[in-house]
Asks: 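Below is a structure I'd like to ask you about.
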Amino acid sequence: MSGEPDFIATEQVDFQGRITASVSHEINNVLATISETAGLLADLTELGMSGRPLDASELRRCADTVVEEVKRGFRVVKNLNAFAHSGDEPVAEVDLTELVDLVSGLTRYVSFSCRVETRSVEGSGPRVTTRPLLLEDLVYRSFIHGFRAVGPDGSIGVCTTSDQDGGRIVISGLGGTGVEGFLDDDVRRIVHALGAHVETDTSRGEVLIRLPALIEIDGAESFPAGSVA
């Protein structure tokens, strides 16, 4: 496809920007909560110094809030760090279940996100050699598309498995409207660049992503270009 290398580079940078923006917003929320709690602790301390008896339950609530927010912050940074390493190699072998779990974690920072239930048919996730960052982009787009359809109180399911040709990611629970319009021009180009095949089933509300075991890069592997249906 003409211009594919430029598209891949631009798309990956744009995707990293979108993720960085949402994650930094989440980190800011964590810091804001800790800052507010610190302010409350300062007020309680001042009142205590002025002679008012300190309420131990109030101090405990403040301490619990700080502990929970710190844990939340560590989880956010852990996801961000894992995502940052997705671009270490343009092509690499990945565990599809781990990749889906990471993307699921990253989508939690979207204001309209909903519950994502993930599972793998096998004990260990299926592995494929692909463009990790671009595949994360495709999975992220499918989640966001589904979130908009089912709403924040809904849920979508994700299953990873393998077959004789490579790996599969099945995203379900999207409903008919969650599937319609998913395969826009950008998604089609991402699918092509991954050497993948995507099937949408409006009646079942599912998106099926089929990935080859090895991706074709500059003709080095004899896999056909991706297709969509």
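Since the structure is predicted, the reported quantities are computational estimates derived from the model, not experimental observations.
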Asks: Flag yes if more than 12 heavy atoms outside Glu93 fall under 6.0 Å of its CD atom; otherwise flag no.
Replies: yes
Asks: Measure the CG-CD distance between Leu102 and Glu98 for me, rounded to the nearest 0.5 Å.
Replies: 9.5 Å
Asks: Given the rule that I, L, V, M, F, W and Y join up when any side-chain heavy atoms are under 4.5 Å apart, are Val170 and Ile156 in one cluster?
Replies: no
Asks: Looking at His145 and Glu180, would you say the former's side chain and the latter's main chain have a donor-acceptor pair under 3.5 Å?
Replies: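 Present.
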Asks: Under a 4.5 Å cut-off applied to non-hydrogen side-chain atoms, are Ile169 and Leu211 in contact?
Replies: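 Yes; the side chains approach each other to less than 4.5 Å.
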Asks: What heavy-atom pair brings Val150 and Gly173 nearest, and what distance separates the two atoms?
Replies: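 Residues Val150 and Gly173, closest heavy atoms: CG1-O, 3.3 Å.
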Asks: Verify side chain to side chain contact (heavy atoms under 4.5 Å, CB included) between Ile34 and Thr37, making sure each step is shown before the conclusion.
Replies: CA-CA 5 Å; Ile34 292 176; Thr37 306; 5.7 Å; no
Asks: Determine, using the 4.5 Å side-chain heavy-atom cutoff (strictly less than), whether Val66 and Val76 are members of one ILVMFWY cluster.
Replies: no
Asks: Side chain to side chain contact (heavy atoms under 4.5 Å, CB included), that's the test. Do Val179 and Arg204 meet it? Break it down for me.
Replies: CA-CA 9 Å; Val179 173; Arg204 295 171 60 89; over 6 Å; no
Asks: Carefully, step by step, assess Leu59 and Leu41 under the rule side chain to side chain contact (heavy atoms under 4.5 Å, CB included).
Replies: CA-CA 7 Å; Leu59 296 177; Leu41 281 171; 4.0 Å; yes
Asks: Is there a chain of hydrophobic side chains (I, L, V, M, F, W, Y, each step under 4.5 Å between heavy atoms) that links Leu31 to Leu80?
Replies: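 Hydrophobic grouping puts Leu31 with Leu80.
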Asks: Run the side chain to side chain contact (heavy atoms under 4.5 Å, CB included) test on Cys62 and Leu44 for me, step by step, so that the C-alpha distance in whole Å, both residues' side-chain angles and the decisive distance to 0.1 Å come before the verdict.
Replies: CA-CA 10 Å; Cys62 288; Leu44 292 173; 4.2 Å; yes
Asks: Could you check if a side-chain atom of Val207 sits within less than 4.5 angstrom of a side-chain atom of Phe143, using non-hydrogen atoms only?
Replies: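 Val207 vs Phe143: side chains apart.
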Asks: So do the side chains of Arg168 and Leu208 get within less than 4.5 Å of each other, counting heavy atoms only?
Replies: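 Yes. Closest side-chain heavy atoms under 4.5 Å.
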Asks: Let me confirm one number: the OG-CG distance from Ser35 to Leu40, rounded to the nearest 0.5 Å.
Replies: 11.5 Å
Asks: Do the side chain of Ser86 and the main chain of Phe83 share a donor and acceptor less than 3.5 angstrom apart?
Replies: yes
Asks: Determine yes or no for a side-chain-to-main-chain donor-acceptor pair under 3.5 angstrom, with Arg131 supplying the side chain and Leu194 the backbone.
Replies: no
Asks: Rounded to the nearest 0.5 Å, how far does OG1 of Thr130 lie from CD1 of Ile215?
Replies: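 Between Ile215 CD1 and Thr130 OG1, I get 4.5 Å after rounding to 0.5 Å.
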Asks: Should Val30 and Val110 be regarded as members of a common hydrophobic cluster, given that ILVMFWY residues are connected when their side-chain heavy atoms come within less than 4.5 Å of each other, either directly or indirectly?
Replies: no
Asks: Crowded around Asp185 CG? As in, over 12 foreign heavy atoms under 6.0 Å?
Replies: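 Open: at most 12 neighbouring heavy atoms sit under 6.0 Å from CG of Asp185.
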Asks: Could you check whether any side-chain heavy atom of Tyr109 comes within less than 4.5 Å of a side-chain heavy atom of Asn79, counting everything from C-beta outward?
Replies: yes
Asks: List the atom of Ala21, the atom of Ser24, and the distance in Å for their closest heavy-atom pair.
Replies: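 That would be O-OG, 2.9 Å.
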Asks: With a 4.5 Å heavy-atom cut-off, do Leu133 and Glu136 have their side chains touching?
Replies: yes
Asks: How many angstroms lie between atom CZ of Phe15 and atom CG of Leu138, to the nearest 0.5 angstrom?
Replies: 9.5 Å
Asks: Heavy atoms only: give me the nearest Ser142-Ile171 pair and the separation to one decimal.
Replies: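 Scanning both residues completely, I find the closest heavy atoms to be OG-CD1, 2.8 Å.
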Asks: Are the charged groups of Arg18 and Asp14 less than 4.0 angstrom apart, N to O?
Replies: no
Asks: Spell out, as yes or no, whether a donor-acceptor pair under 3.5 Å connects the side chain of Arg189 to the backbone of Phe7.
Replies: no
Asks: Looking at CG of Asp43 and CD of Glu58, how far apart are the two atoms once the value is rounded to the nearest 0.5 Å?
Replies: 10.5 Å
Asks: Side chains of Tyr140 and Ile19, heavy atoms from C-beta outward: is any pair under 4.5 Å?
Replies: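 Side-chain contact under 4.5 Å: yes.
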Asks: Side chain of Thr10, backbone of Asp6: donor and acceptor closer than 3.5 Å?
Replies: yes
Asks: Could you give the distance from CG (Asp137) to CD (Gln16), rounded to the nearest 0.5 Å?
Replies: 10.0 Å
Asks: State, with a plain yes or no, whether a side-chain heavy atom of Arg141 is found less than 4.5 Å away from one of Val187.
Replies: yes
Asks: List in chain and number order the residues that pass side chain to side chain donor-acceptor pair (under 3.5 Å) with Arg72, two or more places apart in sequence or in another chain; answer none if no residue qualifies.
Replies: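 Result, side chain to side chain donor-acceptor pair (under 3.5 Å) vs Arg72: Glu26, Glu69.
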Asks: Is any side-chain heavy atom of Val128 less than 4.5 Å from a side-chain heavy atom of Pro212?
Replies: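 No, their side chains stay 4.5 Å or more apart.
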